[in-house]
Amino acid sequence: MTIKKTISQLIEKRRTWGYGAAIAVTPYLLIKIAWTFGLFMPTEQMGDISWRTANAITMVIAAVGILLAFAFSMPWGEKLPAWLVVFPVWVGTGLLIPMLLLAPVLGPAAMIRDQKTGAANVWVYEQIFVIISLVGVGICLPFALAGYAKTRWPEAFVGPIDTDLLPDNSQKLYITLARLVAAGCILLGFIKLFWAAGGTIGINPAMLDNRDLWWHLLSLSTGVWAFAGSWGLLVLTTRRGSKSFFPPMAIAWIASGMLFSYNLFNRLSATRPATQPAPEYPLAHVLTTELGSVLGVMMVMVILMVLHDRRRAMRNAA
């Protein structure tokens with residue numbers, strides 16, 4: 001049995017994956033509810049209003065994740081407005097899939113770091129539940145989403161990449177945009193990989209000790225996904241470099257969500273009290289963070305234009 005056929009069979013079981021995602025995210029939701037209302041907090045700092053607000057936001061996100069998991073599993077989910085599904089899915093896949101790859105290392109690293117800062121012992125158990133939830137939903141939700149999207153938007157999954165487009169397409173526009181975005185992604189990728197490898201240009205000498213394992217791995221992840229996204233976007237728009245449409249589309253989609261959501265998360269985290277300052281110079285930190293967010297948004301705009309032209313062509317051929 002080929003890998004492609006195996007993946008296809010897994011995707012077809014979207015109800016199982018959807019229920020699995022809903023069950024997996026439940027411990028995370030319960031912990032966030034407790035923290036929002038001031039229960040079982042590992043540190044006194046988390047009683048601050050900014051921490052409670054952040055926990056309330058992630059509590060809502062977890063609840064939305066459960067609703068989406070059920071929507072992906074049931075027929076009524078296919079009747080939801082596209083915008084209501086696409087945006088949270090874009091942010092969610094951008095957050096979860098890269099984190100899933102890093103969880104075996106980042107999870108223990110986060111617990112060790114928090115214990116060094118004086119977090120209560122209960123934090124270790126809470127962190128274990130959080131990691132289990134994130135890994136579970138990171139595995140189950142993408143398969144549930146893939147099954148849902150394959151049913152609702154087959155143009156994003158089936159067929160070769162070189163589809164005959166209608167004459168009034170936007171290919172010239174999105175090829176130009178894709179090249180600009182790819183150039184930005186390559187620049188960002190080089191910067192992040194340089195920092196991940198230990199480079200100090202753009203790093204505040206007084207903050208060198210703040211470059212812990214967490215920071216290095218997130219820099220590495222951002223750099224890798226920036227390069228992967230540039231490849232996926234160029235392949236999608238030029239329709240060269242892959243026979244199938246889905247692989248470059250999926251990689252570009254995840255990369256765009258990752259660049260947007262992780263940089264948004266970094267900005268929100270910086271507003272919390274007692275947050276460890278970023279080791280980069282403030283200007284370098286702001287520029288790379290804003291560049292990542294802008295690139296993520298522009299990348300998904302190009303993807304949507306490609307999908308629009310492809311959908312029109314496939315409907316016309318049918």
Side-chain angles (χ1 to χ4, degrees), residues 82-83 85-101 142 145-146 149-150 153-166 169-194 196 218-264 287-314:
W83 64 267
V85 177
V86 169
F87 180 74
V89 164
W90 177 56
V91 174
T93 53
L95 278 171
L96 290 172
I97 293 180
M99 182 57 70
L100 178 64
L101 300 176
L145 166 63
K150 187 177 181 180
W153 299 295
E155 63 274 6
F157 284 81
V158 300
I161 195 169
D162 192 11
T163 302
D164 292 330
L165 302 178
L166 297 180
N169 62 74
S170 305
Q171 189 179 28
K172 290 184 179 180
L173 171 61
Y174 56 65
I175 284 179
T176 301
L177 288 176
R179 288 172 176 169
L180 292 173
V181 173
C185 286
I186 291 171
L187 173 62
L188 179 64
F190 272 121
I191 293 172
K192 289 293 186 176
L193 292 182
F194 174 74
L218 287 182
S219 297
L220 175 64
S221 179
T222 302
V224 170
W225 281 106
F227 278 112
S230 65
W231 172 84
L233 204 63
L234 291 175
V235 171
L236 280 184
T237 53
T238 62
R239 300 190 291 173
R240 294 194 298 267
S242 174
K243 293 182 179 180
S244 299
F245 180 79
F246 177 68
M249 191 282 296
I251 289 174
W253 177 270
I254 296 168
S256 65
M258 189 274 177
L259 292 176
F260 173 79
S261 58
Y262 273 81
N263 286 293
L264 177 63
L287 289 178
T288 53
T289 300
E290 296 301 325
L291 177 61
S293 296
V294 171
L295 290 173
V297 172
M298 292 183 66
M299 193 181 297
V300 80
M301 289 173 61
V302 173
I303 293 171
L304 293 176
M305 285 192 286
V306 171
L307 288 173
H308 174 72
D309 281 355
R310 182 177 175 86
R311 187 176 195 181
R312 290 178 62 237
M314 293 179 69

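The basis for the numbers below is simple: all heavy atoms, side chains too, and nothing from hydrogens, waters or symmetry mates. Treat the numbers as computed from the prediction; the structure is a model and nothing was measured.
Interatomic distance, NZ of Lys243 versus CG of Asp162, reported as 12.5 Å (0.5 Å rounding). For the atom pair CD1 (Ile251) and CG (Leu233), the distance works out to 12.0 Å, reported to the nearest 0.5 Å. To the nearest 0.5 Å, atoms CD1 (Ile254) and CG (Leu95) are separated by 12.0 Å. Taken to the nearest 0.5 Å, the CG atom of Asp309 stands 11.5 Å off from the CG atom of Leu304. Separating the NZ atom in Lys172 from the CG atom in Leu177 is a distance of 14.5 Å, to the nearest 0.5 Å. The CZ atom of Arg239 sits 9.0 Å away from the CZ atom of Arg310 when rounded to the nearest 0.5 Å.
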- request: Could you please spell out the steps behind the side-chain contact (heavy atoms from CB on, under 4.5 Å) verdict for Met305 and Leu173?
  value: CA-CA 9 Å; Met305 285 192 286; Leu173 171 61; 4.1 Å; yes
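Of all non-hydrogen atoms in Leu188 and Thr288, the two that sit nearest each other are CD1-O, 3.9 Å. Residues Val235 and Gly241 share a closest heavy-atom pair of CG1-C, 4.2 Å.
Side-chain contact check for Leu259 versus Cys185: some heavy-atom pair is nearer than 4.5 Å. A heavy-atom distance below 4.5 Å is found between the side chains of Pro248 and Ile161. Taking the side chain as every heavy atom from C-beta outward, Leu234 and Arg179 approach each other to under 4.5 Å. In this structure, Ser230 and Val181 have side chains that are not in contact, with every pair of non-hydrogen atoms separated by 4.5 Å or more. Here the side chains of Phe245 and Leu236 are in contact, with some heavy-atom distance below 4.5 Å. In this structure, the side chains of Pro98 and Met258 come closer than 4.5 Å at one or more pairs of heavy atoms.
The side chain to side chain contact (heavy atoms under 4.5 Å, CB included) check on Phe190 picks up Ile186, Phe227, with sequence neighbours excluded. Legend: residues meeting side chain to side chain contact (heavy atoms under 4.5 Å, CB included) with Ser256, ordered by chain and number and at least two apart, are Trp90, Met299, Val300, Ile303.
A 6.0 Å sphere centred on CZ of Arg312 holds more than 12 heavy atoms belonging to other residues, nucleotides or ligands.
A donor-acceptor contact shorter than 3.5 Å is absent between the side chain of Ser244 and the backbone of Phe246.
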